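Predicted model, so just to flag it, every value in this text is computed and none were measured. Atoms within each ligand, like the ligands themselves, are counted from 1 in listed order.
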Amino acid sequence: MNDTILILGACGQIGTELTQKLRKIYGDQQVIASDIREGQKEFLNSGPFEIINAMDKDAILEVVKKYKVTQVYLMAAMLSATAEKVPLKAWDLNMQSLLHVLELAKDMHIKKVYWPSSIAVFGSTSPKINTPQQTITEPSTVYGISKVSGEHWCNYYHNKYGVDVRSLRYPGIISWKTKPGGGTTDYAVDIYFKAKEEGAYECFLGEDTNLPMMYMEDAINATIQIMQAPQENIKIRTSYNLAAMSFTPKVIAEEIQKYIPEFKITYAPDFRQEIADSWPQIIDDTPAREDWGWKHAFDLELMTKEMLRNIQPTTNELLKVL
Ligand code: AKB
């Protein structure tokens, strides 16, 4: 039987590109995109789309039944910076949606579930350099608390009910198709857009803030690779550390200046600095590489070329030129 995949939060930064890639692999009609509101037109028209609030268990159930869904990717979440402003709301969204999906997977015999965790599970008591898979996880943000708790729920549903749930601890994800919203690592996306559109960027993190990052193509490949790996290769049912590169705002700015020499960066750290300072700088993802063959393809140099090649000047910018 062909798999039918439901993506919750399909219009977000990762969801958009994940949906497109899964539709290429499994067929447009086999991948049901859903979000709390409609997204881009070409994306909506490329296959089935349903409006679903990920906190509404009945709405998810209805769609699971309607399409005979066999796999669910739960991509809806509130990210670290926004979550700090509305902690209880963030907790509700991030936890309720996960518990709904895990319960449905158990009751409706959904074959596989994907749920993203984050480097935010680590806190200031975790080792910052080569942060191991298993170490202290005492996060200081509500987002991190929801992710570390979610990881334990995934592990629990796997051990207790045999739910085949798989998860990755994403670093900051950098992409040009859909912008992220509300994350602490978002500066590393904004910087490319501002460099291309305005030639200058004011960074909300200090120049030496080193954080783990990954290009979207690698993140999507990792996600699909872990979901397609044989069950016996998935030995960690909390969530796998995942890494590609680490850099500071100063280093990314210097890389951009190789192509846009006049690009200027200034620094005005805000409340997000404290969040960034609590996170690891370099992640050790050996178990992901050993268990299911994870390998990244993009480093800072390659990613910068891709980002600057793909970001088109905005209409405003074009008007200035004309
Ligand atoms: C965020 O900054 O909140 C996210 C993450 C690292 O999970 N990008």
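Although no hydrogens or angles enter the test, the distance criterion places a donor-acceptor pair under 3.5 Å between the side chain of Arg237 and the main chain of Val165. Of the possible donor and acceptor atoms, one in the side chain of Ser167 sits under 3.5 Å from a partner among the backbone N and O of Trp115. Proximity of a side-chain donor or acceptor of Thr4 to a complementary backbone N or O of Thr70 within less than 3.5 Å is not detected.
Listed by number with element, the atoms of ligand 1 under 4.0 Å from a non-hydrogen atom of Leu79 are 3 (O). Each of the atoms 1 (C), 2 (O), 3 (O) of ligand 1 lies under 4.0 Å from some heavy atom of Gly183. The contact set between ligand 1 and Trp279, taken as ligand atoms under 4.0 Å from a residue heavy atom, comprises 1 (C), 2 (O), 3 (O), 6 (C).
Taking the six-membered ring for Trp and the full ring otherwise, the centers of Tyr240 and Trp292 sit less than 6.0 Å from each other.
Ligand 1 has no nitrogen or oxygen under 3.5 angstrom from a nitrogen or oxygen of Asp186. Looking at ligand 1, you'll find an N or O of Ser80 within less than 3.5 Å of one of its N or O atoms. Checking only distances, Tyr170 never comes within under 3.5 Å of ligand 1, N or O to N or O.
In terms of protein heavy-atom proximity, atom 8 (N) of ligand 1 is nearest to Thr185 OG1, 2.9 Å. Of the protein's heavy atoms, Ser118 OG, 3.5 Å lies nearest to atom 5 (C) of ligand 1. The protein atom (non-hydrogen) at minimum distance from atom 2 (O) of ligand 1 is Thr184 N, 2.7 Å.
Taking the six-membered ring for Trp and thresholds of 30 and 60 degrees, Tyr161 and Tyr156 have ring planes more than 60 degrees apart, a perpendicular arrangement. Using cut-offs of 30° and 60° on the angle between ring planes, the pair Tyr114 and Tyr170 is tilted. Ring geometry for Tyr143 versus Trp279: interplanar angle of 30 to 60°, hence tilted.
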